[in-house]
Amino acid sequence: MSNPDVPAGQPPGSEWWADAVVYQVYPRSFADGNGDGMGDLRGVTERLPYLQRLGVDAVWLSPFYKSPQADAGYDVADYRQVDPLFGSLADFDAMLREAHRRGLKVIVDLVPNHTSDEHAWFREALAAPPGSPERDRYIFRPGKDGIPGSGEGNRAPNNWKSIFGGPAWSRVTGADGSPGEWYLHLFDTKQPDLNWDNAEVQEEMRSVLRFWLDRGADGFRVDVAHGLVKEAGLPDWEGVAAMVEGTPEVKREPSPPGDAPGAHTDAEEPHRAVSPVYPPSPFFDQDGVHDIYRDWHRVLSEYDGDRMMVAEAWVEPAERLARYTRADEMQQAFNFDFLLAGWDAERMAQAIESSLAASASVGAPCTWVLSNHDTVRHTTRFGLKDPATFPKGIAADDEQPDAALGLARARAATLISLALPGSAYLYQGEELGLPEHTTLPADARQDPTFHRTKGAETGRDGCRVPLPWRQDAPGYGFTVAGAAAAKPWLPQPDSFGPLAADQQDGEEGSTLELYRAALAFRSARELGRGSFAWAEAHAPESGVLAFHNGGVLVLGNLGFASAPVPQGYTVVLSSGTEPASDWSGMDEVPVDCTVYLTKD
Ligand code: BGC
């Protein structure tokens, strides 16, 4: 690891994040501490012993800041306040103190691409005239076909579409009620994009970083990290804007040879994925974003302890993503190639290989992610007829997953990801094997993508359902003991009952116990800091994925026939539900199962 900012005396590569297992808490759905049906920071504090026992190293909290909640908090009205829904700054401080006391690091979410339209700056912008410094903090433009210089126009300034559906521009109304300029929002109309060419915007976000660093945050998950800078002139673009799925099939241009870790000129960097039809998007992965992360890197280095940033950047190919983690930028980036590979041995093997190589070329650790709050849970995706598909949510009249098959595969995929060197991210509830809620009624749905596309996209509510803690309690114990329970903000499916944490705790073969065992094994064997080499048994064309990490052989069977346990090896952990006493006698790895093996 070539991080120049490791505190003196700490050997390179020993930063906590290099091999950390980070647990994503989606605060509104994790645990409700005050009984209002919405998760909160007190709930997180109450459940920290559970996370410590699970064996994770850090917690990443999705936004809990003051917000009208138009996009579940990714629309921030005040970056320095906790929304009353989630508690107060004192609750945050208490949670952080308790996490640190238990040896857990805390990563907070930073949303720098856009604010809420209820942020003081946007209100000031609306009250100020075109061309004013207040409007310059955002991306306001006159429309097309207007009287030149009037700031008016009947058509949006360009043809960009919002990632959430509909146009990416909305028109404001002047003080006299007449139609005025247009503002850009790559997401919801209530999420106006900031203008990152504006010095005040840059200074404000530095100050927001310092605010949370001063309070003791160990790092930031940077939202839409690839989107902050837009191409000059905001040219029209014919592509389909998408963060996660629906990205047009891309043809990759050959990449020039990778450069030395740390050294970089943006002009010489690997080519971006280019569609056969569309040129690269003018609003994602622009070279200018890297200046921002170099700047933030310097801010983080002012602090003692190794604070970190992880990029949420849906960027292809892996070499382009690696640029976000060069030695003077961020420390990690989510590896979405791995997530998108699905339950498919060849695609998974390819994703592992290319992402390890790309990360190594810049001296950064790889990350491994299977689920998050924007994607259909992997337990459910892997139970679909095509287990490498990536639906935008699942509704009652869509194909329903085979729950048992999906769970077996999800457990097997998790053992693969936790044995790979680098850092792993878990999404709350995956340790319980929770499925997506695939039959949520339309009137319960809250995701703006559902509403902006008039239901054409089901959206992300199905993976955001409040967690079940106790089978025999109202709301499956989502509200922690002592508080009267209101209904959870999204209804929970019946399938959550038997999967509640109290039903799995101490139960051999349960998913919770599998995660605990896998995390303990990973830590004892230091797999996160280990080495990687494909094993002799590796045969992705037959569905077998096999690799060595130090003295451990990992064999995942994604195929259609049992795979023999290689001679001289014994199973020490299996993703199956058979009792541990059976492992030593196993001579075959069943389909949809992963095992860890050591030499006899
Ligand atoms: C977050 C989403 C959010 C979007 C806009 C992301 O990628 O993960 O949940 O809707 O950014 O902030």
Side-chain angles (χ1 to χ4, degrees), residues 22 24-30 60-77 79 83 107-119 122 138 160-166 168 184-194 196 205 208 220-228 230 241-247 281 283-285 289 309-315 321 324 330 332-336 339-340 367 369-377 390 392-393 425 427-428 436 445-453 457-465 490:
V22 184
Q24 181 187 357
V25 165
Y26 194 64
R28 51 172 48 224
S29 300
F30 184 65
W60 146 37
L61 291 136
S62 281
F64 47 79
Y65 317 110
K66 193 158 179 5
S67 159
Q69 306 290 319
D71 183 21
Y74 281 95
D75 48 320
V76 180
Y79 291 92
D83 195 279
I107 297 173
V108 297
D109 221 305
L110 185 75
V111 189
N113 180 67
H114 43 264
T115 69
S116 159
D117 66 338
E118 297 185 27
H119 189 284
F122 196 71
Y138 294 90
W160 296 359
K161 300 273 180 299
S162 154
I163 285 109
F164 287 172
L184 178 70
H185 52 87
L186 287 183
F187 296 90
D188 193 69
T189 46
K190 287 182 70 62
Q191 293 167 294
D193 280 52
L194 285 164
W196 272 91
M205 217 48 83
V208 169
F220 300 91
R221 176 265 189 190
V222 179
D223 190 60
V224 200
H226 55 321
L228 277 51
K230 279 76 182 176
M243 288 289 283
V244 184
E245 57 271 279
T247 317
S281 123
F283 44 80
F284 282 154
D285 200 25
V289 294
M309 294 179 280
V310 52
E312 187 226 14
W314 294 85
V315 167
L321 180 66
Y324 290 76
M330 300 209 207
Q332 297 182 341
F334 293 129
N335 179 354
F336 292 128
L339 184 150
L340 291 167
T367 66
V369 190
L370 288 164
S371 282
N372 64 30
H373 67 291
D374 290 328
T375 61
V376 171
R377 284 182 177 276
F390 216 84
K392 299 182 178 192
Y425 280 78
Y427 176 49
Q428 66 177 36
E436 186 87 358
R445 294 198 178 274
Q446 305 206 10
D447 184 350
T449 63
F450 177 75
H451 299 287
R452 282 183 65 84
T453 61
E457 272 180 34
T458 303
R460 302 162 293 178
D461 296 298
C463 66
R464 299 175 173 180
V465 175
L490 275 178

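Whatever order the structure lists them in is the order used to number ligands and atoms, beginning at 1.
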Full working for side-chain contact (heavy atoms from CB on, under 4.5 Å) between Q69 and R28: CA-CA 11 Å; Q69 306 290 319; R28 51 172 48 224; 2.5 Å; yes

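Remark: F334 engages W60, F336, Y425 in a ring pair (Phe, Tyr, Trp, His ring centres under 6.0 Å) (not counting sequence neighbours).
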Quick one: table the atom pairs, ligand 1 N or O against protein N or O, below 3.5 Å, distance rounded to 0.1 Å.
| unit_1 | atom_1 | unit_2 | atom_2 | d |
| --- | --- | --- | --- | --- |
| ligand 1 | 7 (O) | E312 | OE1 | 2.9 |
| ligand 1 | 7 (O) | E312 | OE2 | 2.5 |
| ligand 1 | 8 (O) | R221 | NH2 | 2.9 |
| ligand 1 | 8 (O) | H373 | NE2 | 2.9 |
| ligand 1 | 8 (O) | D374 | OD2 | 2.5 |
| ligand 1 | 9 (O) | H373 | NE2 | 2.9 |
| ligand 1 | 9 (O) | D374 | OD1 | 2.7 |
| ligand 1 | 9 (O) | R460 | NH1 | 3.3 |
| ligand 1 | 10 (O) | D71 | OD1 | 3.3 |
| ligand 1 | 10 (O) | D71 | OD2 | 2.5 |
| ligand 1 | 10 (O) | R460 | NH1 | 3.0 |
| ligand 1 | 11 (O) | D223 | OD1 | 2.9 |
| ligand 1 | 11 (O) | D223 | OD2 | 3.1 |
| ligand 1 | 12 (O) | H114 | NE2 | 3.0 |
| ligand 1 | 12 (O) | D223 | OD2 | 2.8 |

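In this structure, CZ in F283 is found 9.0 Å from NE2 in H226, a value given to the nearest 0.5 Å.
Side-chain N/O atoms of Y74 and D109 include a donor and acceptor closer than 3.5 Å. In the model, R464 has no side-chain atom that pairs as donor or acceptor with a side-chain atom of Q446 under 3.5 Å.
Aromatic ring pairs are classed by plane angle as parallel below 30°, tilted from 30° to 60° and perpendicular above 60°; the pair Y138 and F122 is perpendicular.
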